[in-house]
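This report concerns only the one structure given below.
Labels below follow one simple rule: chain letters A, B, ... track the order of the sequence lines, proteins then strands, and each chain is numbered from 1.
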Protein chains: 2
Amino acid sequence: MEKEKTFEEVFAELAALLEERKFKAARDILLEYNAVEIAEYLEEILDAVGIDKAVILFRMLPKDISVDVFAYLPIDDQVEIINSITDKEIDYILTEMDFDDMIDVLEELPANVVDKIIGKASREKRLLINTFLNYPSDCAGSIMTPNYISLGADFSVKEALTYIKSVGMDSETIYTCYVKDPGRRLIGIVSLRTLVVSDDSLLVRDIMRDDYVAVNVYEDQEMVSEVFKKYDFLAIPVVDNENRLVGIITIDDILDVIEEENTEDFERMAGILDASDKSYLDTGVLHNVKTRLPWILVLMISSMITGLIITKFEVVLSQVIVLVAYLPLLMGTGGNTGSQASTLVIRGIALGELEPSDAAKVMWKEMRVGIGIGVVVSILNFAKICFLDGESVMIALTVSVAILVIVTFAKVVGSMLPIAAKRVGIDPALMATPMISSITDMASVATYFLLAGLLLGL
Amino acid sequence: MEKEKTFEEVFAELAALLEERKFKAARDILLEYNAVEIAEYLEEILDAVGIDKAVILFRMLPKDISVDVFAYLPIDDQVEIINSITDKEIDYILTEMDFDDMIDVLEELPANVVDKIIGKASREKRLLINTFLNYPSDCAGSIMTPNYISLGADFSVKEALTYIKSVGMDSETIYTCYVKDPGRRLIGIVSLRTLVVSDDSLLVRDIMRDDYVAVNVYEDQEMVSEVFKKYDFLAIPVVDNENRLVGIITIDDILDVIEEENTEDFERMAGILDASDKSYLDTGVLHNVKTRLPWILVLMISSMITGLIITKFEVVLSQVIVLVAYLPLLMGTGGNTGSQASTLVIRGIALGELEPSDAAKVMWKEMRVGIGIGVVVSILNFAKICFLDGESVMIALTVSVAILVIVTFAKVVGSMLPIAAKRVGIDPALMATPMISSITDMASVATYFLLAGLLLGL
């Protein structure tokens, strides 16, 4: 299993060979690796050496290997390769690829290329491709595959296994087989495991399970991933509104969905508009400005309001200018404590651990956590301001009471806003750090100067 | 598939029956549902009705169903149930449970209960349990199971299938079988799919794959999940340092690992110390104070430094007190733009899309994105300060130049710190919003007042 050379060493060797146009030698090196590894080298070659040489090298791979390698390449690279190779090769790859991977590639290609490819497909396949291309992205239909094994209810176990043997090689997964009635409606499922361990003469009808769980073809992919997490399935049947089986979703595609949904949450929580599925290095500067600027502008407005509040208290400020020095502490602590609460609640909702009906419990808990943290931070700051900074007791009191109020407020607001968002159907992830800290900023400034006016008698 | 009653209605019915101690009727209702659903009802009953009645109800379930139900309960509830039932029942559940689930439960139980349980196990099983309990959590060993099918290289396909039939029912997954040499070293893998579609007379040796990927038993679980995402495996063999097969990890356990790792990132990025695997509502107030306070205290110190910088510029400030009103805008925009960059880079590193070697590319990109966003925000604010606020052109210039500098600085620092952390082996997730915004706060204040001194001639 261990490779003697590192990735970089092998890549350097490949690059040197390609430089000298020794394609055959390069190919022979690649063939020592498995399809995933070959895809990684090819990706690097595409990036660092250039598309022309990468395509020639790709063409020289044996056809059965190139299909696998192609499937493991990132979608951008797949499209780039398709744009560079001949019709015959496109055709070969697309007929050999797994159906759901093919749909992913087709979705990225320009319309005229897609039309050309679809034009070459058989009438039946053409219909199927068009149907799949029409499912909205992010729904079950967009990630399912039509390659599954369906068995008749009256097959015997022996017949079923023989049938699987005859068709099995082409199915993406054969570990769960599906039993349909004559109207194509799903009536049961049976696992290959059950078939293998069952007596040969039993009927599929007798060993199939009819308490299966299926998802609707328009179900959101996030919900589908919840079902996988809940039931530990390897695959799940997808049905239309009449309970007719239209495809299956396999767990390996769900891993991607989970990471995609998590990335969406991370990005939204940082105030970035839903970007593409592209990786960081594959997005352009302009795209990044467009997806990041809107929230910055929205939050700018809230900072202006905070500024406006400060202006209202200019008189207080000009009398005790030292108060300004504690503003960063108050605003920072408010924002940080609030975002801790919002993060935990957003994550709890995403994992299905928290419901809007838990609001009261959450608020009661965060209020106590807020007071706990607030008291510690207040006392430390009171001591610091009196003894280290040498300011008056009243200023120390103003700052530390303000901290206690602000931290408690931040915890409650930070935890309640995501729950409120969930209740009205907005993504809770939008109620994260940027939003929470601009709200706590306003509250911090107002609380602080009001208290200053009161305690310092300004 | 559709249920006539909602979860709440069924639960209300169950609760009413338990109130009247009609356990048998309640059990009959439960038995209409599958194990996952029964577990959900039982969880709710544990929470809302009480442990005593929940345990009685649990005991009344048929033994084969109760084992499945138990496996689907959250680990806290499992421990609670174990603490309430008799030795005989503990024994039954623990011998019937999947091995890796049993280890999870044992890890949560008090030591004396664990000893009692282990004491009852056979000598062989006792050794195995002790070995598993000793793997550090978060490593491959802690999530693997010893239940896999191993085949001899010289089995024929027919013999292999007969063998699987005889032992298969007890293995957590039989979809991949493992071939070992006499020294227990892994020499190949063969999928059930391959066995089923292969000719009966072929030897396992001829159809097994020896280009399998295995992980070391001490490999970090996050790395293991990377391998699953990369190769689309259903299961992966776990070997010790001598390449001896010690267990397998199945993909359903990896789904949990992925969500656990994502939660860890979300929490760290919000400045929360690594908490437990417990869900939000299951953690106590004190626990929350302890996990959230440390970072708040660290960040407090940085706010103090920002405050100190302000103090240095008190003279400037007292002359043009209106400058204070634009501080929230500068600090807020700096923090928000910086955290966008850090979030994208942290996520890119977590998904394996970014490496420390990409630092130059990332910095060049973020610099341009920063200038793009900075210019827009600057121009808008310049116009607003001149025309809406009616301040002098020089003040508007001070603020807008400061914004441009700060946004560009925030983008570069926000993107570079996670990469630097990765390079020195610190979790990049720690270089997220709280850390970045306290750095940009300091920079904002310093830049702003320096510029004010320069441009306003103070």
Side-chain angles (χ1 to χ4, degrees), chain A residues 34 36 164-165 168-169 174-175 192-193 196-197 211 229-232 251-252 255 258 262-263 266 270-272 279-280 285 288-289 292-293 296 299 303 306-307 310-311 314 317-318 321 324-326 328-329 332 336-337 339-340 343-344 347-348 353-354 365 368-369 372-373 376 433-434 441, chain B residues 34 36 164-165 168-169 174-175 192-193 196-197 211 229-232 251-252 255 258 262-263 266 270-272 279-280 285 288-289 292-293 296 299 303 306-307 310-311 314 317-318 321 324-326 328-329 332 336-337 339-340 343-344 347-348 353-354 365 368-369 372-373 376 433-434 441:
Chain A
N34 66 36
V36 175
I164 291 170
K165 210 162 189 156
M169 271 316 202
I174 62 172
Y175 295 128
L192 182 59
R193 169 175 164 166
V196 166
V197 301
D211 63 341
K229 279 186 259 175
K230 186 165 158 188
Y231 289 95
D232 292 350
I251 194 170
D252 51 309
L255 291 191
I258 291 178
N262 277 313
T263 300
F266 275 110
I272 300 165
S279 72
Y280 175 83
V285 170
N288 272 284
V289 171
R292 300 190 205 176
L293 190 56
I296 296 299
L299 297 168
S303 326
T306 311
I310 294 182
T311 322
E314 248 174 48
L317 257 189
S318 59
I321 197 85
V324 181
Y326 300 109
L329 170 72
N336 290 327
T337 50
S339 81
Q340 288 178 329
T343 300
L344 286 173
R347 190 65 186 153
E353 298 168 355
L354 283 179
K365 178 169 180 168
R368 287 178 295 160
V369 175
I373 292 177
V376 177
T433 316
D441 276 358
Chain B
N34 66 37
V36 176
I164 291 170
K165 210 162 189 156
M169 270 318 202
I174 61 172
Y175 294 128
L192 182 59
R193 169 177 165 164
V196 166
V197 300
D211 63 341
K229 279 187 261 174
K230 186 165 158 189
Y231 289 96
D232 293 349
I251 193 170
D252 51 309
L255 290 192
I258 291 178
N262 277 312
T263 300
F266 275 110
I272 301 164
S279 71
Y280 175 83
V285 170
N288 271 284
V289 172
R292 300 189 205 175
L293 191 56
I296 297 297
L299 298 168
S303 323
T306 310
I310 294 182
T311 322
E314 248 175 46
L317 257 188
S318 59
I321 195 87
V324 182
Y326 300 108
L329 171 72
N336 289 327
T337 50
S339 82
Q340 288 178 329
T343 300
L344 287 174
R347 190 65 185 152
E353 298 167 353
L354 284 179
K365 178 168 180 168
R368 287 177 298 160
V369 175
I373 292 178
V376 176
T433 316
D441 276 358

So which of B/A325, B/G348, B/G332 has the largest heavy-atom pair count under 4.5 angstrom toward chain A?
B/A325
Leading residue by heavy atom contact count with chain A [cutoff under 4.5 Å; candidates B/L317, B/T343, B/T263]
B/T263
Which of [options] touches chain B most, by non-hydrogen pairs under 4.5 Å:
options: A/K230, A/R368, A/K365; result: A/K365
options: A/T433, A/N288, A/N34, A/V369; result: A/V369
options: A/T311, A/V36, A/T306, A/D441; result: A/V36

For B/S318, give me all partners under side-chain contact (heavy atoms from CB on, under 4.5 Å), at least two apart in sequence or on another chain.
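Scan of B/S318 (side-chain contact (heavy atoms from CB on, under 4.5 Å), adjacent residues dropped) gives A/I321.
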Applying side-chain contact (heavy atoms from CB on, under 4.5 Å), can you list everything that pairs with B/V376, at least two apart in sequence or on another chain?
A/L293, B/L380
Between B/R347 and chain A, which part of the residue has a heavy atom less than 4.5 Å away: side chain, backbone, both or neither?
side chain
Given heavy-atom pairs under 4.5 angstrom as the criterion, report whether the side chain, backbone, both or neither of B/Y326 touches chain A.
neither
Test item: A/I310 and B/P328 side chains (from C-beta on) under 4.5 Å apart, heavy atoms:
yes
Do A/I251 and B/L255 have side chains that get closer than 4.5 Å, going by heavy atoms?
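A/I251 reaches B/L255 side chain to side chain.
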Tell me, for [X] versus chain B, whether the close heavy atoms (under 4.5 Å) come from the side chain, the backbone, both or neither.
X: A/I258; answer: side chain
X: A/T337; answer: both
X: A/I373; answer: both

Could you measure the distance from the CG atom of A/L192 to the CG atom of B/L192? Nearest 0.5 Å is fine.
4.5 Å
Can you see which heavy atom on B/Y280 is nearest to which on A/L344, and at what distance?
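Heavy atoms of B/Y280 and A/L344 come nearest at CD1-CB, 4.0 Å.
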Which atom of A/Q340 lies closest to which atom of B/R292, heavy atoms considered
NE2-O, 3.0 Å
